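Letters A, B, ... mirror the listed sequences (proteins, then strands); counts begin at 1. Since we're looking at a predicted model, the values are computed, not measured.
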Amino acid sequence: DTEVTQTPKHLVMGMTNKKSLKCEQHMGHRAMYWYKQKAKKPPELMFVYSYEKLSINESVPSRFSPECPNSSLLNLHLHALQPEDSALYLCASSHPLNTEAFFGQGTRLTVV
Amino acid sequence: GNSVTQMEGPVTLSEEAFLTINCTYTATGYPSLFWYVQYPGEGLQLLLKATKADDKGSNKGFEATYRKETTSFHLEKGSVQVSDSAVYFCALYSSASKIIFGSGTRLSIRP
C-alpha cells in the first residue's frame, strides 16, 4: 500500500463553521506534512510532524490547528476561516530514512 | 537559503516532440532532488528522484541527471504524448525536513 488517503475530497464551509480534514497512510512513515496549494502556484508547507510530534509550523494562523493522533493519522482542524483560505490542501508522508514524500489527492476547500 | 528555479511556462509541444524543462537549485550540502507531476484536479505524484551527484532518475520515459557542477536537474523526455500534459514541479529536500518546490511548469501537448 503506497497510498496517502485524504478525506473529504471537496469541502465547502462558512466562515463560522468548524470542520476537519483527515489524512491516513499505512506505509509506516513517521513524518507527515500539510501543504496548502493555491491555483497555479506550488505547494506551500504548513506543518510537519515527526514521530507524532509537531516539528515545523511555518507561521500558520491559529485558525488552522493540526493534530497527529497516531503514526498513521493526521488531521487539520479548521475554524473561522476566511475566503482567502480557499485552496487545495495536500497531505504527504515520508520515511525518516528516505527523503521522498508521497502525496494524497488533496482536499479542495472553499470558504464562503 | 535553499531554493529551486525552473523554467517559466506554459510549454506547448506537438505529440512526439522532445521535451526539456530546466531546473536549477541553490542549496548547502547535497540535497536529494525530485520531479513531481500534477495532473489536472489531482495531488502530486513523484515522477523521479536522484539522491547524489551524477545519479540519473528515470520513470515513464522521463529522465533527469543530478549535475552538481552546474547545480541542475533538467527533466527530459524523447517523445511526449498528449497524456503527459500536466504541471511539473522540480523540488529538493532540505536538511530541515522540508521539501522546497520550484514554481512549476505547465506542459500542454497537442495531438
Side-chain angles (χ1 to χ4, degrees), chain A residues 2-10 21 23-25 27 29-60 87-110, chain B residues 1-11 21 23 25 27 29-52 55 57-59 64 66 73 85-108:
Chain A
T2 58
E3 281 194 355
V4 176
T5 303
Q6 291 187 243
T7 55
K9 288 190 174 9
H10 301 273
L21 309 184
C23 174
E24 189 169 5
Q25 58 87 14
M27 294 179 278
H29 292 171
R30 302 307 296 272
M32 297 186 76
Y33 312 78
W34 281 115
Y35 282 83
K36 173 182 177 179
Q37 187 180 24
K38 301 285 275 185
K40 299 187 178 182
K41 296 291 187 182
E44 298 174 18
L45 182 65
M46 301 175 72
F47 303 104
V48 179
Y49 273 83
S50 180
Y51 291 91
E52 295 91 69
K53 289 188 179 356
L54 183 64
S55 61
I56 296 176
N57 176 341
E58 293 283 19
S59 302
V60 178
L88 180 68
Y89 288 84
L90 294 164
C91 174
S93 69
S94 65
H95 190 283
L97 299 181
N98 291 330
T99 56
E100 69 224 56
F102 293 84
F103 283 80
Q105 293 295 294
T107 294
R108 189 160 300 280
L109 174 68
T110 303
Chain B
N2 297 333
S3 66
V4 176
T5 303
Q6 61 182 105
M7 63 188 288
E8 293 285 329
V11 173
I21 300 178
C23 171
Y25 68 91
Y30 303 92
S32 294
L33 301 174
F34 309 96
W35 279 99
Y36 282 88
V37 58
Q38 188 172 32
Y39 297 101
E42 297 189 9
L44 274 71
Q45 298 178 26
L46 179 65
L47 181 60
L48 54 83
K49 68 174 183 178
T51 57
K52 61 183 186 297
D55 265 2
S58 61
N59 186 25
Y66 191 143
F73 193 56
S85 298
V87 179
Y88 292 80
F89 292 98
C90 185
L92 67 80
Y93 181 91
S94 78
S95 59
S97 298
K98 295 183 183 183
I99 299 173
I100 296 170
F101 289 93
S103 56
T105 302
R106 184 172 302 274
L107 174 66
S108 295

Novice: Atom CG in B/Leu44, atom CD in A/Gln105: separation rounded to 0.5 Å?
Specialist: 9.5 Å
Novice: Does atom OH of B/Tyr39 have more than 12 heavy-atom neighbours from other groups under 6.0 Å away?
Specialist: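 Counting neighbours around OH of B/Tyr39, more than 12 heavy atoms of other residues, nucleotides or ligands fall under 6.0 Å, so yes.
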Novice: Sort B/Gln38 into side chain, backbone, both or neither according to what part of it lies under 4.5 angstrom from a heavy atom of chain A.
Specialist: side chain
Novice: Does any heavy atom of chain A fall under 4.5 Å from the side chain of B/Leu46, the backbone, both, or neither of them?
Specialist: side chain
Novice: Quick one: pull up CD1 in B/Ile99 and OH in A/Tyr35 and give me the separation to the nearest 0.5 Å.
Specialist: 4.0 Å
Novice: Answer yes or no: are there more than 12 heavy-atom neighbours, outside B/Glu8 itself, under 6.0 Å from its atom CD?
Specialist: no
Novice: Looking at side-chain heavy atoms only, is the closest gap between B/Phe89 and A/Pro43 below 4.5 Å?
Specialist: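 Yes. Closest side-chain heavy atoms under 4.5 Å.
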Novice: Can you sort out the partners of A/Glu58 under salt bridge (charged side-chain N to carboxylate O under 4.0 Å, His left out), two or more places apart, ordered by chain and number?
Specialist: B/Lys98
Novice: If you count heavy-atom pairs under 4.5 Å with chain B, which of A/Ser50, A/Ala31, A/Ala101 comes out on top?
Specialist: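 Result: the option with the highest number of such pairs is A/Ala101.
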Novice: Using a 6.0 Å cut-off, check whether atom NZ of A/Lys38 has over 12 heavy atoms from anything other than its own residue.
Specialist: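 Enclosed: over 12 neighbouring heavy atoms sit under 6.0 Å from NZ of A/Lys38.
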Novice: Could you report the tightest heavy-atom contact between B/Ser103 and A/Pro42, atom names first, then the distance?
Specialist: O-CD, 3.9 Å
Novice: How many angstroms lie between CZ in B/Phe101 and CD in A/Gln37, if you round to the nearest 0.5 Å?
Specialist: 8.5 Å
